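Report on the following structure.
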Amino acid sequence: MDVENTIEGIRNRIGKARRAGGTIGLVPTMGALHAGHRTLMAAGRAGCDYLVVSIFVNPTQFGPGEDYQAYPRTPAEDLAACEDAGADVVFAPGVGQMYPTEPLTTVSVSKLTETLCGRRRPGHLDGVCTVVAKLFNIVEPDRAWFGAKDYQQSVVVRRMVRDLNFPVEIVVEPTVREPDGLAVSSRNAYLTPEQRRQAPELYAALRAAENMITERQPPAEEIVAAVRGHISGKVVEGEIEYIQVVDPETLEDVETTDRPVVVALAVRLGKARLIDNVRVG
Ligand code: PAF
């Protein structure tokens with residue numbers, strides 16, 4: 001496996017792979033690789049000829065006061081995980097490589113970013129879209145893999161690709177969970193043992209919501225109240241940021257659940273901001 005830190009270097013390698021007739025795949029990550037990333041890399045390995053994994057903690061998707069500095073960085077373990085997964089090359093640029101000058105250009109998707117995480121983390125999804133657009137321009141992948149845990153991110157990136165005619169197919173892989181149901185996330189490392197014990201209740205609340213919807217399609221506000229009640233009772237230190245029932249494509253709040261919906265939530269638990277969702281119907 002090769003490791004490239006420069007745009008010129010990665011472009012040279014990818015150019016060779018493409019001239020040899022291979023399809024190019026990209027798994028974009030911010031490192032601190034876990035089982036969720038391993039699923040993306042396995043899907044990537046199976047879904048292209050030349051697999052690029054990018055590792056870049058992107059400063060522009062963190063707001064002021066967010067955890068950019070504290071974000072876990074585990075470079076040696078990450079390279080071993082990429083090697084294990086059969087990546088052909090890791091692209092691990094520094095900030096100076098990706099943003100050599102103050103970036104004056106931002107890729108911003110409207111509407112879809114005005115709800116859920118986008119509403120609570122202003123600029124976050126612009127930072128994601130901008131860096132993903134840059135990575136797509138650098139790597140020119142035929143396919144790229146994203147995780148369903150960041151549901152809004154996957155919808156927004158798909159829309160950016162469609163609106164801007166990036167010739168890349170976006171593949172979204174299901175959320176990977178710990179045996180107790182907690183969605184695997186790099187930020188789970190911030191949880192104290194007691195918080196970690198309570199954190200699986202977020203998914204338990206979403207599963208209960210899913211059952212309610214499957215059984216009797218109650219109004220969305222009843223779902224929100226039930227999820228809120230479950231979390232307030234069982235995740236005592238949790239501060240609920242949002243619980244929403246939304247249309248899977250427009251991400252607009254829905255009133256009824258007799259149609260496909262996504263139930264999504266964000267909860268602050270100690271130093272961690274945890275997100276999760278289920279898609280029903
Ligand atoms: O999901 C992530 O890890 C990041 O948002 C991404 C897509 C790698 C962009 O920095």
Side-chain angles (χ1 to χ4, degrees), residues 7 10 25-44 51-63 66-75 77-79 81-82 85 87 89-95 97-99 103 105-109 112-113 116-118 120-139 141 143-161 164 166 168-176 183-190 264 266 272-277:
I7 293 169
I10 191 78
L26 171 66
V27 175
T29 82
M30 298 206 300
L33 301 182
H34 51 58
H37 298 112
R38 283 198 285 278
T39 299
L40 299 183
M41 293 193 287
L51 178 62
V52 183
V53 178
S54 65
I55 299 180
F56 178 61
V57 186
N58 172 38
T60 68
Q61 69 186 80
F62 292 81
E66 288 190 354
D67 57 344
Y68 173 64
Q69 299 297 343
Y71 197 82
R73 287 162 172 88
T74 55
E77 291 86 341
D78 290 349
L79 290 187
C82 294
V89 63
V90 170
F91 176 48
V95 175
Q97 187 65 201
M98 288 298 276
Y99 300 107
T105 306
T106 300
V107 180
S108 181
V109 174
L112 297 173
T113 55
L116 303 168
C117 291
R120 282 79 185 183
R121 299 182 70 191
H124 163 65
L125 287 163
D126 290 355
V128 170
C129 285
T130 305
V131 81
V132 170
K134 284 166 73 71
L135 290 167
F136 285 174
N137 283 331
I138 293 164
V139 173
R143 283 194 180 144
W145 285 265
F146 292 81
K149 181 172 75 70
D150 297 277
Y151 185 76
Q152 185 177 26
Q153 169 173 282
S154 70
V155 173
V156 167
V157 166
R158 271 219 169 99
R159 185 58 185 239
M160 173 189 80
V161 161
L164 297 183
F166 280 101
V168 54
E169 179 194 346
I170 303 299
V171 186
V172 179
E173 294 293 328
T175 302
V176 176
V184 171
S185 163
S186 310
R187 292 187 168 101
N188 292 349
Y190 300 152
R273 178 179 181 280
L274 304 178
I275 59 173
D276 204 350
N277 67 81

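Everything numeric here is computed off the predicted structure, so don't read it as measured data. Every number for a ligand or one of its atoms is a count from 1 in the order of the listing.
Between the side chain of D276 and the backbone N or O of K149 there is no donor-acceptor pair closer than 3.5 Å. Side chain of T106 to backbone of S108: no donor-acceptor contact under 3.5 angstrom is found.
Here V157 has no heavy atoms under 4.0 Å from ligand 1, in either its backbone or its side chain.
Atoms of ligand 1 lying under 4.0 Å from any heavy atom of Q61, numbered from 1 in the order shown and given with element: 4 (C), 5 (O), 9 (C), 10 (O). If you number the atoms of ligand 1 from 1 as listed, the ones under 4.0 Å from a heavy atom of V131 come out as 9 (C), 10 (O).
Here the protein heavy atom with the shortest distance to atom 3 (O) of ligand 1 is M30 CG, 3.8 Å. Given atom 2 (C) of ligand 1, the protein heavy atom at minimum distance is Q153 NE2, 3.9 Å.
Heavy-atom minimum distance, D78 versus G31: OD2-CA, 3.3 Å.
The closest side-chain donor-acceptor pair between N58 and Y99 falls under 3.5 angstrom.
Considering backbone and side-chain N/O of D150, none are found under 3.5 Å from N/O of ligand 1.
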Is there a side chain to side chain contact (heavy atoms under 4.5 Å, CB included) between V57 and F62 once you walk through the steps?
CA-CA 9 Å; V57 186; F62 292 81; 3.9 Å; yes
